[in-house]
Amino acid sequence: MASTQQVLVVDDNVDVVESLSALLACQGYETAAAHNGYEACDWVREAMPKAIIMDLGMPWMDGFSAVSAIRRIPGAQSLPIIALTGSADRDSARKAVAAGFTQHFSKPLNFDHLNQYLNNLS
């Protein structure tokens, strides 16, 4: 069973996963990592996290396809899934929310805003 504070970080860039996981750990979160949408789906089927932070642009299965697949997993319909993308425009945020993401943050990430969002999920 996953901790209620567990956050799944999904990005094909290993450095992003490691640095974001380290920042989250400093705030008391347990983290898990996936490097593409397929791994994220498998992870969610095995252990439901508190939240997912997912890059949109990944090989094999991008964030848009992954969020759609995750939403079909029993129990994941209301799971907070945060889009993390290099696009800061409103159109990108609108597309992410329409696809099933609950929130959209652009890179470079303002970690304080992300941490505040995660804290408000409790």
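What's counted below: heavy atoms across the whole structure, side chains too, no hydrogens, waters or symmetry copies.
Side-chain atoms of Gln103 never come within 3.5 Å of backbone atoms of Ile82 as a donor-acceptor pair (strictly under, hydrogens ignored). Side chain of Gln77 to main chain of Gly75: a donor-acceptor pair is present (N/O by atom type, distance under 3.5 Å, no hydrogens or angles). Proximity of a side-chain donor or acceptor of Arg71 to a complementary backbone N or O of Leu79 within less than 3.5 Å is detected.
Here the CZ-OH distance, from Phe111 to Tyr117, works out to 14.5 Å after rounding to the nearest 0.5 Å. In this structure, the separation between CD on Gln116 and CD on Gln27 is 12.0 Å, given to the nearest 0.5 Å. To the nearest 0.5 angstrom, His35 atom NE2 is 12.0 Å from Asp55 atom CG.
Trp43 and Ala32 make their closest contact through CZ2-CB, 3.1 Å (heavy atoms, listed as atom of the first residue, atom of the second, distance). Looking at every heavy atom in both residues, Ala40 comes nearest to Val10 through CB-CG2, 3.8 Å. Across all non-hydrogen atoms, the minimal contact from Pro59 to Asn36 is O-CB, 3.7 Å. Closest heavy-atom contact between Gly57 and Asp12: O-OD1, 3.4 Å. Contact detail for Phe105 and Leu109: the closest heavy-atom pair is CB-CD1, 3.7 Å. Among all heavy-atom pairs drawn from Val44 and Pro49, the shortest one is CG2-CD, 4.3 Å.
Cluster membership check: Trp60 does not share its hydrophobic cluster with Ile81, using side-chain heavy-atom separations under 4.5 Å among Ile, Leu, Val, Met, Phe, Trp and Tyr.
For the pair Tyr29 and Asn115, the minimum side-chain heavy-atom distance is below 4.5 Å. The side-chain heavy atoms of Cys41 and Met61, taken from C-beta on, include a pair separated by under 4.5 Å. Here the side chains of Leu56 and Phe101 are in contact, with some heavy-atom distance below 4.5 Å. Counting heavy atoms from C-beta outward, Leu114 and Asp112 have side chains that stay 4.5 Å or more apart. The shortest distance between side-chain heavy atoms of Lys107 and Asp11 falls below 4.5 Å. Here the side chains of Ile70 and Met54 are in contact, with some heavy-atom distance below 4.5 Å. Looking at heavy atoms from C-beta onward, Ile53 lies in side-chain contact with Val7 at the 4.5 angstrom threshold.
Through side-chain heavy atoms spaced under 4.5 Å, either directly or across other Ile, Leu, Val, Met, Phe, Trp or Tyr residues, Val97 is tied to no other residue.
No side-chain N or O of His104 forms a donor-acceptor pair with one of Thr85 less than 3.5 Å apart.
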Would you be so kind as to tabulate the donor-acceptor pairs closer than 3.5 Å made by side chains of residues 14-23, with sequence neighbours excluded?
residue : atom : partner : partner atom : Å
Ser19   : OG   : Asp15   : O            : 2.9
Ser19   : OG   : Val16   : O            : 3.3
Ser21   : OG   : Val17   : O            : 2.7

Take Leu118 and Leu24 through the side-chain contact (heavy atoms from CB on, under 4.5 Å) test and state the conclusion after the steps. CA-CA 10 Å; Leu118 291 172; Leu24 289 165; 3.5 Å; yes
